[in-house]
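What you see below is based on every heavy atom in this structure, not just the backbone, and it leaves out hydrogens, waters and symmetry mates.
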Amino acid sequence: QVQVVESGGGLVQAGGSLRLSCAASGRTFSIIVMGWFRQAPGKEREFVAAITWSGGSSYYADSVKGRFTISRDNAKNTVYLQMNSLKTEHTAVYYCAERDTAIRRTMMRTRTSYDYWGQGTQVTVSP
């Protein structure tokens, strides 16, 4: 089993930046993919970005391409989400998720593809 804990959320003004972290513990040797999702009030949880643990290949939702960057530090068992030029519509709870079996790239965007989830970290972007 893998445990993941998010951190780094907070209040930021529009145009600002935040870097979220997701620390994994437990059976980290089994991690295949780590992903970030977000859920805004009254909306479904949606895919943001994912990264393969070994090769570091990254994938993004179209809405965040060029604005958000996912990266990982295998030595620290940590995944990051750098968010730049934030807008009010980026306000949401951001969740980190982990999968420990192989998966097609297209399935990385699907919430049900992930095995373990963190509790989320709130990101609030003010006007």
Side-chain angles (χ1 to χ4, degrees):
Q1 187 171 350
V2 175
Q3 296 81 39
V4 293
V5 178
E6 307 94 337
S7 61
L11 175 64
V12 62
Q13 285 190 323
S17 298
L18 276 177
R19 189 178 80 158
L20 306 182
S21 299
C22 172
S25 60
R27 295 171 56 91
T28 56
F29 59 85
S30 65
I31 297 174
I32 300 296
V33 177
M34 297 286 288
W36 285 99
F37 288 73
R38 65 186 177 192
Q39 188 166 15
K43 294 188 177 182
E44 295 287 322
R45 192 172 301 187
E46 64 176 0
F47 171 75
V48 175
I51 189 165
T52 58
W53 200 243
S54 59
S57 297
S58 56
Y59 309 98
Y60 297 92
D62 290 342
S63 60
V64 304
K65 283 181 181 177
R67 192 183 301 271
F68 290 7
T69 303
I70 190 171
S71 61
R72 92 267 190 252
D73 185 331
N74 294 61
K76 295 182 178 180
N77 293 321
T78 300
V79 173
Y80 304 98
L81 185 68
Q82 178 68 43
M83 306 186 294
N84 298 328
S85 302
L86 284 163
K87 299 181 177 181
T88 55
E89 53 260 44
H90 295 138
T91 294
V93 178
Y94 283 72
Y95 295 91
C96 179
E98 181 271 345
R99 179 181 173 93
D100 52 17
T101 54
I103 189 174
R104 292 194 305 272
R105 173 180 173 177
T106 54
M107 294 303 294
M108 293 182 188
R109 301 171 177 268
T110 304
R111 186 176 61 189
T112 55
S113 294
Y114 293 83
D115 303 302
Y116 302 105
W117 291 81
Q119 293 300 306
T121 186
Q122 176 70 47
V123 171
T124 303
V125 184
S126 63

Any sub-3.5 Å donor-acceptor pair from R109's side-chain atoms to Y60's backbone N or O? yes

I'd like to know whether CD of E89 has more than 12 heavy-atom contacts from other residues, nucleotides or ligands below 6.0 angstrom. yes

Do F47 and W53 share a hydrophobic cluster (ILVMFWY, side-chain heavy atoms under 4.5 Å, transitive)? no

Expected output: side-chain R72 to main-chain S54 donor-acceptor under 3.5 Å: yes

Looking at CD of E44 and CD of Q39, how far apart are the two atoms once the value is rounded to the nearest 0.5 Å? 7.0 Å

In this structure, would V64 and V123 fall into the same cluster of hydrophobic residues linked by side-chain contacts under 4.5 Å? yes

Walk me through whether T91 and Q122 qualify under side-chain contact (heavy atoms from CB on, under 4.5 Å). CA-CA 8 Å; T91 294; Q122 176 70 47; 4.0 Å; yes

List the steps, then state whether side-chain contact (heavy atoms from CB on, under 4.5 Å) holds for C96 with W36. CA-CA 5 Å; C96 179; W36 285 99; 4.1 Å; yes

Is the closest side-chain heavy-atom distance between I103 and M108 below 4.5 Å? yes

Just do the side-chain contact (heavy atoms from CB on, under 4.5 Å) check on D115 and E98 with the steps written out, would you? CA-CA 6 Å; D115 303 302; E98 181 271 345; 4.3 Å; yes

Of all heavy-atom pairs linking V93 and G120, the shortest is CG1-CA, 3.8 Å

Under a 4.5 Å side-chain heavy-atom rule over Ile, Leu, Val, Met, Phe, Trp and Tyr, are W117 and M107 clustered together? yes

Taking all atoms of both residues into account, what is the closest heavy-atom pair of G35 and Y114, and its distance? N-CE2, 3.8 Å

Working to the nearest 0.5 Å, report the span between CZ of R99 and OG1 of T110. 10.0 Å

Sub-3.5 Å donor-acceptor pair from the side chain of T52 to the main-chain atoms of S57, do we have one? yes

Would you tabulate the side-chain donor-acceptor contacts of residues 7-34 under 3.5 Å, counting partners in other chains and residues two or more places apart, or write 'none'?
from : atom 1 : to  : atom 2 : distance (Å)
S17  : OG     : N84 : OD1    : 3.0
S25  : OG     : Q3  : OE1    : 3.4
S30  : OG     : R27 : O      : 2.6

Please walk me through it: do I70 and Y59 pass side-chain contact (heavy atoms from CB on, under 4.5 Å)? CA-CA 8 Å; I70 190 171; Y59 309 98; over 6 Å; no

Not counting sequence neighbours, list each pair that qualifies as a ring pair (Phe, Tyr, Trp, His ring centres under 6.0 Å) and has a residue in residues 69-100. F68-H90

Heavy-atom distance under 4.5 Å between the side chains of R67 and M83, does that happen here? no

